[in-house]
2 protein chains.
Amino acid sequence: MNRDFAGLLKEHGVQPSAQRAAVASYVLTTAEHPTAETVWSRVKKHFPMISRATVYNTLNLLTRKGLLRQFVLVDGKTVFDANVGNHHHFIDKKTGRIYDIPWDALEVSRLESLGRFEVSDYHVVVRGRLKSSARRRG
Amino acid sequence: MNRDFAGLLKEHGVQPSAQRAAVASYVLTTAEHPTAETVWSRVKKHFPMISRATVYNTLNLLTRKGLLRQFVLVDGKTVFDANVGNHHHFIDKKTGRIYDIPWDALEVSRLESLGRFEVSDYHVVVRGRLKSSARRRG
DNA sequence: CACGGGTTTAGAATTAGTCTAAGCATAGAT
DNA sequence: ATCTATGCTTAGACTAATTCTAAACCCGTG
């Protein structure tokens, strides 16, 4: 868990800094699909002086460099997802929480037949509710 | 094209008014997946006094009444879609424009095997580019 | 130590969307 | 035609999310 985030950033063409490492160390290891504000508040606990602009800048930078993916959830908030591999999403209608669905759990067929649309990527957004039993964080 | 929008609204339990009919006549007949701001600017051409709040109120009302669907596109803007039947979406990476993909054009399988996720609806978001030939508005 | 490039900062600006309070419009009763 | 209750519309204030700006900072190099 205490990885060398400075080295990781450098590997991905991001010039490291204390602030960037602090953001990375949180956002690349969480599974909670945080918003930018959530990232800011979490990082501030360990790095109280960091500014909002730096958090936004860093998140956008990490996204450009492929370390992070961002997508938009139902009520217009952008969330960040360190799972940059292909996967689908499940949105709990009740809580708005987002869960990852493994890529292989679903199959989409006939993508080759989309006529004038040239597909570069796709994912399935599933909405519904969690079965009462197996509730946990995601 | 010059349908009786007042009657249509009434059929769906929306008390008609000139403003609501003006919004409906645009948003229910366009295929451009407009944002609320776009709706406002389009409607203002024919109805210059309409206020922003009325546009938002009407769009949300039409959505609640099932005449319209809203979803969120990549950069955090909510767009409206008069196609309330099931369909998928294609997003042109270059222009950000959204196109509808007919429901039957794609097939998603293994949705029954999602464990703790109880599916109520789903759709596929495809991203890519339009093949250079068949470019047209959507 | 001075320089320069890139980074960070606080706060201003922008943007999307909602709220508010007052004015208006309309249907139904008279 | 008038009254009234209800609900609709309005302009502008407000809020929240995000980006921009301009100054300050940091750090490796000469």
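Letters go in sequence order (proteins before strands), and every chain restarts at 1.
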Should [X] be listed as having a side-chain N or O under 4.0 Å from OP1 or OP2 of [N]?
X	N	value
B:N57	C:dG17	no
A:T78	D:dA17	no
A:T54	C:dT8	no
A:Q19	C:dT9	yes
B:Y56	C:dT18	no

Send over the distance from [X] [atom1] to [N] [atom2], rounded to a whole Å.
X	N	atom1	atom2	answer
B:R52	D:dC8	CZ	C1'	18 Å
B:I50	C:dA25	CD1	C1'	15 Å
A:R64	D:dT19	CZ	P	11 Å
A:Q70	D:dT19	CD	C1'	13 Å
A:N60	C:dT7	CG	P	14 Å
A:F47	C:dT7	CZ	P	15 Å
A:E37	D:dT15	CD	P	16 Å
B:K44	D:dT10	NZ	P	11 Å

Exercise for review: May I ask you to decide whether B:R116 forms a salt bridge with A:D92, counting only side-chain N to carboxylate O separations under 4.0 Å?
Suggested key: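 Result for this pair is no, no salt bridge flagged.
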Exercise for review: Considering only NZ, NE, NH1 and NH2 on the basic side and carboxylate oxygens on the acidic side, decide whether B:R127 and A:D121 come within less than 4.0 Å.
Suggested key: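 Yes.
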Point to revise | Nucleotide nearest B:M49 when distance is taken to its side chain, options D:dT10, C:dT9, C:dG17 | key: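 Nearest nucleotide to the side chain: D:dT10.
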Point to revise | Closest to the A:Q15 side chain, choosing from D:dT18, C:dT7, C:dA10 | key: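 The answer is C:dT7.
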Exercise for review: Would you please indicate if the ring centroids of A:H123 and A:H89 are separated by under 6.0 Å?
Suggested key: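 A:H123 vs A:H89: aromatic centres under 6.0 Å.
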Practice item. Assess the side chains of A:Q19 and A:T54: does a donor N or O sit below 3.5 Å from an acceptor N or O? Key: no
Check your understanding: Base, sugar-phosphate, or nothing: which does A:R20 touch, judged by heavy atoms less than 4.0 Å apart?
Key -> sugar-phosphate
Exercise for review: Pick base, sugar-phosphate or nothing for B:S17, based on heavy-atom distances below 4.0 Å to the nucleic acid.
Suggested key: sugar-phosphate
Review point. Under the side chain to side chain donor-acceptor pair (under 3.5 Å) criterion, do A:S41 and A:T38 qualify, and how do the steps go?
Key: CA-CA 5 Å; A:S41 71; A:T38 303; 5.4 Å; no
Study note, to complete from the structure: On DNA chain D, more 5' by nearest nucleotide between B:A53 and B:P16 is B:P16
